[in-house]
2 protein chains.
Amino acid sequence: MVSIKDVAKEAGVAISTVSKVLNNYPNVSEETRNKVNEVVERLGFVPNAVAATLSSKRTGRVALLIKLNLHTQASDEISMQYISGAIHKAKELQLDVITVFTSMIEDMDVAEVTSYFASQGIKGIIIYGMTTKDKVLHKLIDSGNFKIVVVDAPMVNESTSSISIDHAKAQYDVAKKTITENKCKKILYLAGDEDGYVTEERLQGIKKLCDEKKCKLTVRNGKFSELRARELTMKYAKNSDCVVCASDIMAIGAMKALIDMDIFRPVCGFDGIILMGYAGKQMNTVRQDFAKISEEGLMELNRLMSGEKGRKVAVKHELVRIKYEDIIC
Amino acid sequence: MVSIKDVAKEAGVAISTVSKVLNNYPNVSEETRNKVNEVVERLGFVPNAVAATLSSKRTGRVALLIKLNLHTQASDEISMQYISGAIHKAKELQLDVITVFTSMIEDMDVAEVTSYFASQGIKGIIIYGMTTKDKVLHKLIDSGNFKIVVVDAPMVNESTSSISIDHAKAQYDVAKKTITENKCKKILYLAGDEDGYVTEERLQGIKKLCDEKKCKLTVRNGKFSELRARELTMKYAKNSDCVVCASDIMAIGAMKALIDMDIFRPVCGFDGIILMGYAGKQMNTVRQDFAKISEEGLMELNRLMSGEKGRKVAVKHELVRIKYEDIIC
DNA sequence: TTGTATGCGTTATCAG
DNA sequence: CTGATAACGCATACAA
């Protein structure tokens with residue numbers, strides 16, 4: 001394995017000089033810089049990230065903390081987009097990222113989790129899909145030991161930023177479009193799990209809309225479950241003229257149920273996942289650009305790691321209809 | 001962060017002694033061992049994995065090399081299952097695994113990829129979904145620098161094992177079941193991409209079956225694409241009485257096309273992905289237990305890393321029908 | 001502008 | 001059985 005030492009020897013300079021070139025320090029002559037770069041290229045040298053993080057107290061590595069939910073593959077799609085967005089941006093920012101799945105740390109306490117991340121040279125973490133129940137993660141955030149960006153949860157402090165779309169507005173928007181198109185008056189709203197931070201926000205959105213439009217609103221807890229959405233739809237849809245869902249997966253469950261019941265009700269979802277193209281009927285939904293959210297999350301984390309304070313970052317959403325013809329490839 | 005130095009000081013012993021206790025070296029007195037362990041426990045010390053891999057040349061970490069395919073979310077589901085299986089087993093085997101996505105290494109040459117993995121302290125790699133076109137990966141395997149397990153590609157040498165189901169037999173089985181149930185005689189076979197190792201094997205399976213059953217076989221390259229499967233079905237299905245597909249995603253494309261054409265032909269797929277539940281009609285398919293394949297892959301890698309030679313590992317498959325009712329949750 | 005020396009947290013070697 | 005001490009590959013304050 002070619003090391004910085006080999007490069008230094010080959011280029012006839014000191015190790016520290018090579019290091020400076022690699023890290024784009026200003027005080028290196030153009031000549032030496034070129035010489036070193038030439039050797040780096042020729043020897044195919046890639047700096048040892050492990051040694052680098054060990055050595056410097058600087059920009060450490062970044063961990064993507066992903067929830068592995070085996071049961072619903074909708075979340076697979078979302079997770080993958082989160083990952084790919086982050087990786088893409090990491091390349092650009094020259095950050096070393098690793099992915100950590102919650103299952104790996106699920107039975108650790110805060111101290112252990114902290115040690116685990118520290119032992120991996122992690123300085124910053126992006127947490128995806130945190131719920132109110134994740135006690136350990138809350139403590140981790142409060143500890144201030146890491147720079148953290150939380151996606152879709154309103155945690156902000158000195159070393160923590162949050163990033164998300166405006167869930168209330170998005171829910172308001174998509175529902176408004178749907179009920180306006182269909183002149184609905186009696187809304188069945190299938191909410192998300194009460195543990196989810198976004199659940200309450202989305203609920204505020206639909207409530208505001210129903211107040212404004214003087215619609216009758218029936219709220220049921222669909223727990224982000226397709227099956228539960230199906231059952232609730234079977235039970236309550238007849239007395240409503242529209243089904244608004246807090247997630248696409250529930251929207252699909254509701255739509256399939258309506259088809260089986262052989263009655264029509266407009267349905268709208270939330271997330272914009274590809275699976276919507278397989279639901280059988282088109283629906284309005286909120287498209288969240290998960291890859292982009294993740295990219296911006298990484299940029300925000302980069303900001304935090306360079307000493308800035310935590311803050312709230314908002315991302316735009318858009319309304320779409322997902323058709324089978326559009327998603328097939 | 002508490003380090004080995006702190007433990008040593010607190011326990012009143014040398015750093016090296018602590019290290020020996022941590023790594024279960026034999027030549028340490030029971031007394032010191034207990035004392036050190038007590039301090040380790042009390043201080044909540046967790047060894048720094050980064051420093052450890054830097055220092056030692058021993059059993060390194062394991063990398064899961066995953067293909068990130070943004071366009072088809074069927075592969076998301078499969079990748080996630082691979083990952084979760086590997087992580088689960090890694091915990092059990094006490095291996096440190098990291099996930100690497102092909103996009104991170106796509107424009108590196110062998111030397112760079114080698115350095116990259118080495119720089120991460122990687123000793124073993126599991127490669128998922130390798131194609132004949134992945135020149136760099138082929139060289140990586142030939143180099144013998146890493147212990148490697150390749151999933152679904154027949155690469156075996158001193159330090160490389162392959163693991164997969166018997167694709168020829170599986171294709172044979174699922175097609176046989178389908179044509180027997182429906183008394184078919186003219187098979188349209190939508191094959192996978194020619195770059196895929198499994199493509200040829202599956203093709204052998206269907207050919208053998210058609211020989212035995214004296215069926216007319218029409219083979220078309222569906223390239224594992226749902227859209228292409230749709231087009232090919234539109235074009236050729238009328239002259240066949242059955243559509244056998246080398247992947248579920250193509251089976252779904254074919255089925256949707258048949259529904260749109262308003263003709264019936266039995267269709268069968270391959271993989272057993274959950275998306276099959278949303279295809280509209282039930283189909284036979286081969287269920288590959290991706291999580292289990294990954295688990296066994298990790299066990300095999302562990303074997304390689306402890307000095308054993310590469311070999312071919314076979315995994316069982318089963319025939320299933322995926323119903324919406326079964327996959328919803 | 002360049003080089004020297006020291007340290008990061010471990011493991012490994014070799015005296016004691 | 002135990003403890004110095006030299007690597008491991010790199011970053012960086014400091015000296016030249």
Side-chain angles (χ1 to χ4, degrees), chain A residues 1-37 39-40 43-61 94 96 114-123 305, chain B residues 1-37 39-40 43-61 96 114-123:
Chain A
M1 213 71 327
V2 32
S3 78
I4 195 172
K5 197 192 292 179
D6 304 317
V7 176
K9 189 185 295 175
E10 180 78 13
V13 297
I15 292 181
S16 53
T17 305
V18 178
S19 178
K20 283 169 195 162
V21 172
L22 294 173
N23 296 288
N24 285 316
Y25 274 56
N27 48 347
V28 180
S29 74
E30 199 58 32
E31 195 188 335
T32 350
R33 187 179 297 279
N34 290 146
K35 189 168 54 182
V36 170
N37 278 327
V39 175
V40 165
L43 269 50
F45 167 72
V46 177
N48 184 323
V50 175
T53 56
L54 217 207
S55 170
S56 96
K57 298 286 92 184
R58 253 195 359 168
T59 49
R61 309 165 78 195
Q94 306 220 49
D96 193 23
T114 303
S115 300
Y116 173 73
F117 281 125
S119 84
Q120 299 281 357
I122 301 295
K123 294 284 169 356
M305 293 202 300
Chain B
M1 215 71 324
V2 32
S3 79
I4 195 174
K5 199 191 290 179
D6 304 318
V7 176
K9 191 184 293 175
E10 180 77 13
V13 297
I15 291 180
S16 47
T17 305
V18 177
S19 178
K20 283 167 196 164
V21 172
L22 293 174
N23 296 288
N24 285 314
Y25 275 55
N27 48 347
V28 180
S29 74
E30 199 58 30
E31 196 187 332
T32 4
R33 187 179 297 280
N34 291 147
K35 190 169 52 183
V36 170
N37 279 327
V39 176
V40 165
L43 267 49
F45 167 73
V46 176
N48 184 324
V50 174
T53 56
L54 214 209
S55 173
S56 101
K57 301 285 97 184
R58 261 193 350 176
T59 48
R61 312 160 78 192
D96 194 20
T114 304
S115 302
Y116 174 72
F117 281 125
S119 84
Q120 300 280 356
I122 301 295
K123 291 285 168 355

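Just so we're on the same page: letters track the sequence lines, and every chain starts at 1. Here the structure is a predicted model, which is why all the values come from computation and not from measurement.
For D:dC8, the OP1/OP2 oxygens have no side-chain nitrogen or oxygen of B:S55 closer than 4.0 Å. Applying the 4.0 Å criterion to OP1 and OP2 of C:dG9, one finds that B:S3 has every side-chain N and O outside that range. At the phosphate of D:dT12, OP1 or OP2 sits under 4.0 Å from a side-chain N or O atom of A:Y25.
Remark: P of C:dG3 and NZ of A:K5 are 16 Å apart, rounded to the nearest angstrom. The separation between A:N24 atom CG and D:dA11 atom P is 11 Å, rounded to whole Å. Regarding B:E31, its CD atom lies at a distance of 12 Å from the P atom of D:dC1, rounded to whole Å. Taking atom NZ of residue A:K9 and atom P of nucleotide D:dC10, one finds them 14 Å apart after rounding to whole Å. Taking atom CG on A:L22 and atom P on D:dG9, their separation rounds to 15 Å, with Å as the unit. Rounded to whole Å, atom P of C:dA12 lies 7 Å from atom CG of B:N23. Rounding to whole angstrom units, NZ of residue A:K123 and C1' of C:dC8 are separated by 10 Å. Residue A:R61 contributes atom CZ, which lies 15 Å from atom C1' of C:dC8 at whole-angstrom precision.
In terms of the side chain to side chain donor-acceptor pair (under 3.5 Å) criterion, residue partners of A:T32 (sequence neighbours excluded) are, by chain and number, A:S29. Under the side-chain contact (heavy atoms from CB on, under 4.5 Å) criterion, B:N37 pairs with B:V21, B:R33, not counting sequence neighbours. Under the side-chain contact (heavy atoms from CB on, under 4.5 Å) criterion, A:I15 pairs with A:I4, A:K5, A:A8, sequence neighbours left out.
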Could you walk me through whether B:L22 and B:V40 pass the side chain to side chain contact (heavy atoms under 4.5 Å, CB included) check? CA-CA 9 Å; B:L22 293 174; B:V40 165; 4.2 Å; yes
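B:V2 approaches B:F45 most closely through the heavy-atom pair O-CD1, 3.3 Å.
Residue pairs meeting the salt bridge (Lys or Arg N to Asp or Glu O under 4.0 Å) criterion with at least one partner in residues 10-24 of chain B, sequence neighbours excluded, are B:E10-B:R42.
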Taking N or O atoms only and anything under 3.5 Å, show me the protein contacts with nucleotides 2-4 of chain D, one pair per line.
residue : atom : partner : partner atom : Å
D:dT2   : OP1  : B:S29   : OG           : 3.0
D:dT2   : OP1  : B:T32   : OG1          : 2.7
D:dT2   : OP2  : B:S29   : N            : 3.0
D:dT2   : OP2  : B:T32   : OG1          : 3.0
D:dG3   : OP2  : B:A14   : N            : 3.1
D:dG3   : OP2  : B:T17   : OG1          : 2.8
D:dG3   : N7   : B:S16   : OG           : 3.1
D:dG3   : N7   : B:K20   : NZ           : 3.4
D:dG3   : O6   : B:K20   : NZ           : 2.7
D:dA4   : N6   : B:S16   : OG           : 3.1

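Checked against A:V13 for a side chain to side chain contact (heavy atoms under 4.5 Å, CB included), the options A:V7, A:V39, A:V28, A:V36 give a single hit: A:V36.
In the helix from C:dT1-D:dA16 to C:dG16-D:dC1, the terminal helix axes, each the rotation mapping four pairs' C1' atoms onto the next four within five end pairs, subtend 50°, rounded to 10°.
Here the side chain of A:N34 pairs no donor or acceptor atom with the backbone of A:E31 at under 3.5 angstrom.
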